[in-house]
Amino acid sequence: MSISIVTEKAQLSPLNAAKRPAPMEWTRNIGIAAHIDAGKTTCSERILYYTGAVHKMGEVHEGTTVTDWMEQERERGITITAAAISCAWVPSMGPFQGIKTRINIIDTPGHVDFTAEVERSLRVLDGCVAVFCAVGRVQPQSETVWRQANKYRVPRIAFVNKMDRVGANFLACVEEMRKKLNANAHPLYLPIGAEENFSGLVDLVQMKAYIFEDKAEDPLGLHPRIEEIPANMAADAKRYRDALIEAVADSDDVIAEKYLGGQEITVQELMVGIRKATVALKFTGVIPGSAFKKKGVQRLLDCVVNYLPNPLDIGQTRGQDSEAAEVIAKADDSGKTVGLAFKLWSDPYVGRLVFVRVYQGQLKKGQSLYNPRTRRSERVSRLLLMRAMDKEEIDTAYAGDICAVIGVKDVITGDTLCDEDIDIRLEPPSFPEPVISMSIEPKSKADQEKMGNALARLSAEDPTFRTFTDPDTGQCIIAGMGELHLEIIRDRMFREFKVEADAGKPQIAYRESITGKAEAEGKFIRQSGGRGQYGHCVIKVEPNVKGKGIEIVNEIVGGAIPKEYIKPVIEGINEAANNGTVAGYPVIDFIARIVDGSFHEVDSSELAFKMAGIFGFKEAMRQAKPIMLEPIMKVEVTVPEEYQGEIMGDINRRRGQIQGMENRDGACIITAHVPLETMFGYATDIRSLSKGRASYSMEPSHFEQVPASLLTKIVESSTKAPART
Ligand code: GDP
């Protein structure tokens, strides 16, 4: 990642500066990620308010927030769907002081069942604000989101919210971020007071204090008093500023040299250092505040602009061409158009919106956009910039922008949309495998018709939600990330599509994989009368790193298989991997290499090579020591100490493995990995084991090999071999 450090006043990038409404350096594409209840919705609301996007502050408890678009989200009080909103912020300090910068906020969901939404958002973000609760601190889901942000290399700053609540402890939260998340976390501000006495912030960069006055004439906290650091905090402020300097010195030679030489470091130098270290993922600055009490959010926005990367910092985005060779999209307005559809949304007024992040070139109204997945082009009829309360019609979106496209219909989340004369598919986000499935039966003939349409729409919007027909029973199966995920899908079917359906019992979504290497030939040769069929390939398989999914590599050199037949072989391998050889479950985490083959001038066809791919993969898999995998959940139980023994014994009986135990304020927090297969009905069991005093949370963690003792049972009961579509 190259870093464009803006030092003096923000400078314009030279790219079409005349045409662009604003240079790329003035844009931030950010997400807000948090554990449920940490205050993400309240923070987003405040941000929208301060940035002038809305004129009335929404309150979560009134059910009026703009980011919670969907009805049932309001009812459940959780944010499921990521909405992208553009707003403007004029920082009060730093190189962008006085400049109207654009912050595009991609809202990310908080509930564990929807980590795929988080993951999908992270893919298109350049930076992220992680919101923590000053009382609950680092909760299990924060760890998941953090890991995902690491995976996508998203630079972060952290907001420790709810400083006004009883039990709020800013420094303990920073410490937990270091311990649990392995983050190089340091305060950028110190809170003045806590709980009901939380009354201001000490700015460790500029070394001054912001005092919140709670004055009647400033009900929104827009004008804090700025003054000297309180005398009783001066020593702490110096100590934490020194620690901050030391933490970023590693990433910045100027600071390192001055620091070692005992020289004074200027505000500007320190800001550059913090920015470099943040963008390089070596540092996380932490800001305390209370969104609810309207304290600290403006400072957070200053930090977003000053420290989080702009699209130019990210620079390059990797993709592949149709023959699996690497192609790069550059953050440059003058290149061919390359964008990623990261979110579909049905707007009641304007219809189907496709949210697109433009990675390269310009996206124009009226332009024809090519979709390499469907191999078709569609015309962009309108382009919109989504604001919280309204939409702005625009003619052009530039590299680094996020916009909503109308007119492009045949698209699913993760599709690349580009100019017709460029051959590129951006790396689609990798989504976790579903862990649970259930059959679903429409109540009437009329429901049946509507259900097909509803399921197609819902699965296009949400890649972790899958739907297929069980080939044996003919039943429709839906699969997703947890019971709540599927429950919400059913709820949406009912509300938005008016489909009434009965659901079967939840089933485990097993997977298959391989543990050895093998090489096999796939041949599809028919030569009896008329035109024959000839497809032949040699496929090598080996296990992939856990969680990395499927990689198919074309290693053909010298034209043993002509170019046009490589794609059908890849399709064949993908199709074969839908139904593994152990019990017919999808195969994951393998690398397949197409290494050799042959063709016939007349008889070869795409179909013949696809069949050869299927046969070749199946045979290679059979030889590569295949195994069955089951989903393992990360379970966290909070229980009074007196019930600790019971809960742990029960986890062991469920084939669980205790990962850790921690005592906090008289309660014991047990974390464990437990097979999902043993977790049905846990909510009821844990209640009776602890007389209702334990609580738990659970999220998909990874897949593990099914023990031999269970394998036969699973294979026998699943001879129906579900096929995914
Ligand atoms: P989300 O689930 O992360 O989106 O969290 P919400 O924004 O919905 O907040 C969860 C609850 O915490 C709501 O009842 C909020 O009113 C409350 N809340 C949010 N921020 C603060 C804060 O700074 N202080 C206090 N005391 N409560 C807050």
Side-chain angles (χ1 to χ4, degrees), residues 30-50 54 56-83 85 105-115 117-118 121 128-146 149 156 158-170 173 189 191-201 210 212 214 219-221 224 286-301 388 484 488 697 699:
I30 64 155
I32 301 178
H35 187 278
I36 187 159
D37 249 23
K40 194 191 66 207
T41 312
T42 312
C43 278
S44 311
E45 274 308 315
R46 298 306 189 234
I47 290 176
L48 295 180
Y49 182 81
Y50 288 129
V54 288
K56 175 182 181 296
M57 278 198 192
E59 299 293 348
V60 171
H61 57 263
E62 290 171 2
T64 56
T65 62
V66 245
T67 35
D68 280 11
W69 292 19
M70 296 166 62
E71 256 180 74
Q72 89 233 39
E73 288 180 55
R74 289 175 188 223
E75 282 170 25
R76 288 172 199 267
I78 55 176
T79 311
I80 310 163
T81 312
I85 296 181
I105 300 176
I106 293 120
D107 189 19
T108 53
H111 193 275
V112 287
D113 272 1
F114 308 105
T115 44
E117 283 269 4
V118 182
S121 317
C128 183
V129 175
V131 178
F132 295 88
C133 166
V135 183
R137 301 176 209 157
V138 179
Q139 290 150 322
Q141 223 249 311
S142 325
E143 290 182 58
T144 312
V145 177
W146 201 267
R156 269 144 282 176
F159 185 66
V160 174
N161 190 33
K162 303 201 189 184
M163 279 305 299
D164 61 303
R165 268 190 56 192
V166 175
N169 189 334
F170 176 67
C173 187
Y189 296 82
I192 303 177
E195 305 178 344
E196 60 180 4
N197 296 321
F198 175 52
S199 59
L201 296 179
Y210 290 82
F212 310 122
D214 291 330
L220 305 174
V286 195
I287 303 132
S290 162
F292 185 66
K293 298 272 166 141
K294 308 166 192 108
K295 293 174 179 173
V297 179
Q298 291 135 303
R299 303 289 74 78
L300 170 66
L301 285 167
L484 179 62
I488 286 175
S697 69
E699 65 185 66

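Excluded from the calculations below are hydrogen atoms, water molecules and symmetry mates; all remaining heavy atoms, backbone and side chain alike, are included. Order of appearance sets the numbers: ligands from 1, and atoms from 1 within every ligand. From a predicted model like this one, the values you see are computed outputs, not experimental measurements.
Between Gly39 and Lys162, the closest heavy-atom pair is N-CE, 4.4 Å.
In terms of polar-atom proximity, Arg165 is not counted as a contact of ligand 1, lacking any N or O under 3.5 Å from an N or O of the ligand. Residue contacts with ligand 1: Cys43 is placed with no nitrogen or oxygen under 3.5 Å of a nitrogen or oxygen of the ligand (distance criterion only). When only interatomic distances are considered, the shortest N/O to N/O separation between Gly289 and ligand 1 does not fall below 3.5 Å. Checked against a 3.5 angstrom limit, the closest N/O atoms of Lys293 and ligand 1 fall outside it. Polar contact with ligand 1: present for Ala291 (N/O pair, distance under 3.5 Å).
At a heavy-atom cutoff of 4.0 Å, ligand 1 is contacted by both the backbone and the side chain of Thr41. Contacts with ligand 1 closer than 4.0 Å are made by heavy atoms of both the backbone and the side chain of Ser290.
Every residue meeting the side chain to side chain donor-acceptor pair (under 3.5 Å) condition with Asp164, not counting sequence neighbours, appears here in chain and number order: Ser290. Considering only residues two or more places apart in sequence or on other chains, Arg165 meets the side chain to side chain donor-acceptor pair (under 3.5 Å) condition with none of them.
Between Val286 and Phe159, the closest side-chain pair of non-hydrogen atoms is not below 4.5 Å. With contacts defined as side-chain heavy-atom distances shorter than 4.5 Å, the pair Met163/Phe170 qualifies. In this structure, Ile47 and Val297 have side chains that are in contact, with non-hydrogen atoms separated by less than 4.5 Å.
Close approach of ligand 1 to Gly39 is summarised as follows: ligand atoms under 4.0 Å from at least one heavy atom of the residue are 1 (P), 3 (O), 5 (O), 6 (P), 7 (O), 9 (O), 19 (C).
Contact analysis puts Ala38 in contact with ligand 1, with a non-hydrogen atom separation below 4.0 angstrom.
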